J.: 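Take this structure, written in C-alpha cells, and hold onto it; I'll ask about it next.
Both counts, for ligands and for their atoms, begin at 1 and track the order of listing. From a predicted model like this one, the values you see are computed outputs, not experimental measurements. Note that these values count all heavy atoms, side chains included, but never hydrogens, waters or copies made by symmetry.
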Amino acid sequence: MSPNYNNIASVYDQMSFLVFGDIIMKSQVCLCKHIAPNSKILIVGGGSGLLLEEITKIHYSGLCITYIDSSSKMIDKARKRNIGKNNITFLNLAIESYLSNISFDIIITPYFLDNFNETSFREIWNILHNYLKKEGLWLNTDFNIPTKRKHHFLLKVMLLFFRITCGVETKKLPDIKKHFNKYYYDLIEEHNFVDNFISSVVYKKI
Ligand SMILES: C[S@@+](CC[C@H](N)C(=O)[O-])C[C@H]1O[C@@H](n2cnc3c(N)ncnc32)[C@H](O)[C@@H]1O
C-alpha cells in the first residue's frame, strides 16, 4: 500500500529543512543541469513541488513534465509553484496506477524510492524503467544504506516517524544503487552529501 503524506504535507518542507538544512534541495538541484531543453520529464514523489521552481530557473519554458504524487495535499501545493511557461500535468495518484504510452527522456525520483521495502521498490523501479526511453536519464536522489552508527540511528528515527504519520511500510532501505548497477544503467555522475548518507546520481539507460 502507498504511504499517505497528507498528514504532514503542510509542514513537510519545514521539517526536512530543520533536520537537513538546504541539503535536501541542493542534492536535487545539483542534477538539474542534465535536463536538456524541451525534455519530456516524469517526476514521481516530488512532494510540494519546490524542485519545479528550481527547474523553472534553468528552463523557463519548453519542458513537458508529468508530475505524479499520491498525496492530494502535496499536489495542491505543487500546483501553486512558479512553473514559468513549462507544460506540467499534475496527477494525484500512486505511480503503480499510472498508465500511459509516453516514453520519457528523463525520470526524476527525489527521496521517493526510499519509501518502499525491497519487494515494492523492485515493482516500482520496473514500472519506471519501462517509462524511460533508451538512453534516457534517471536522476535519483536518496538516502544510502547507512554505514555510520549516527546515520543508522537517524534513519531508524525517520522511518519510525514516517511509519506512524504516513504509513510508510519499510523498516530498512532498499538497496537502490545495487539495483541500478545490476540492470541496464550506466552511472554518469554522482554527488554525495552528509558523509555519504545521501547520494544524487544520474543514470543512463543503455
Ligand atoms: C519523502 S517525500 C519526498 C518529497 C520531495 N521529493 C522532497 O524531496 O522533499 C515522498 C513523496 O512521495 C510521494 N509518494 C509516496 N508513495 C508514492 C507513490 N506510490 N506514488 C506516487 N507518489 C508517492 C509522497 O506523497 C511524498 O510526497
J.: Should one rank Phe162, Tyr12, Phe112 by closest heavy-atom distance to atom 1 (C) of ligand 1, which comes out on top?
T.: Tyr12
J.: Under 4.0 Å, counting heavy atoms only: does Phe116 come that close to any atom of ligand 1?
T.: yes
J.: Does some non-hydrogen atom of Gly46 fall short of 4.0 Å from ligand 1?
T.: yes
J.: For atom 23 (C) of ligand 1, what is the closest protein heavy atom, and at what distance to 0.1 Å?
T.: Ser70 OG, 3.1 Å
J.: State which residues pass ring pair (Phe, Tyr, Trp, His ring centres under 6.0 Å) with His179; sequence neighbours excluded, sorted by chain then number.
T.: Phe121, Trp125, Tyr183
J.: Tell me yes or no: between the side chains of Ser199 and Asn144, is some donor less than 3.5 Å from an acceptor?
T.: yes
J.: Test of understanding: with ring pair (Phe, Tyr, Trp, His ring centres under 6.0 Å), list the residues that count as partners of Phe197, not counting sequence neighbours.
T.: Phe143, His151
J.: Counting neighbours of NZ on Lys177 that are heavy atoms of other residues, nucleotides or ligands and sit closer than 6.0 Å, is the number greater than 12?
T.: yes
J.: Any nitrogen or oxygen of Asp69, side chain or backbone, less than 3.5 Å from one on ligand 1?
T.: yes
J.: Does the ring center of Tyr98 lie less than 6.0 Å from the ring center of Tyr131?
T.: yes
J.: Does Leu93 reach ligand 1, in the sense of a heavy atom lying below 4.0 Å from it?
T.: yes
J.: With a cutoff of 4.0 Å, is Met25 in contact with ligand 1, counting heavy atoms of the residue only?
T.: no
J.: Please check if atom CZ in Phe161 has more than 12 non-hydrogen atoms from other residues, nucleotides or ligands closer than 6.0 Å.
T.: yes
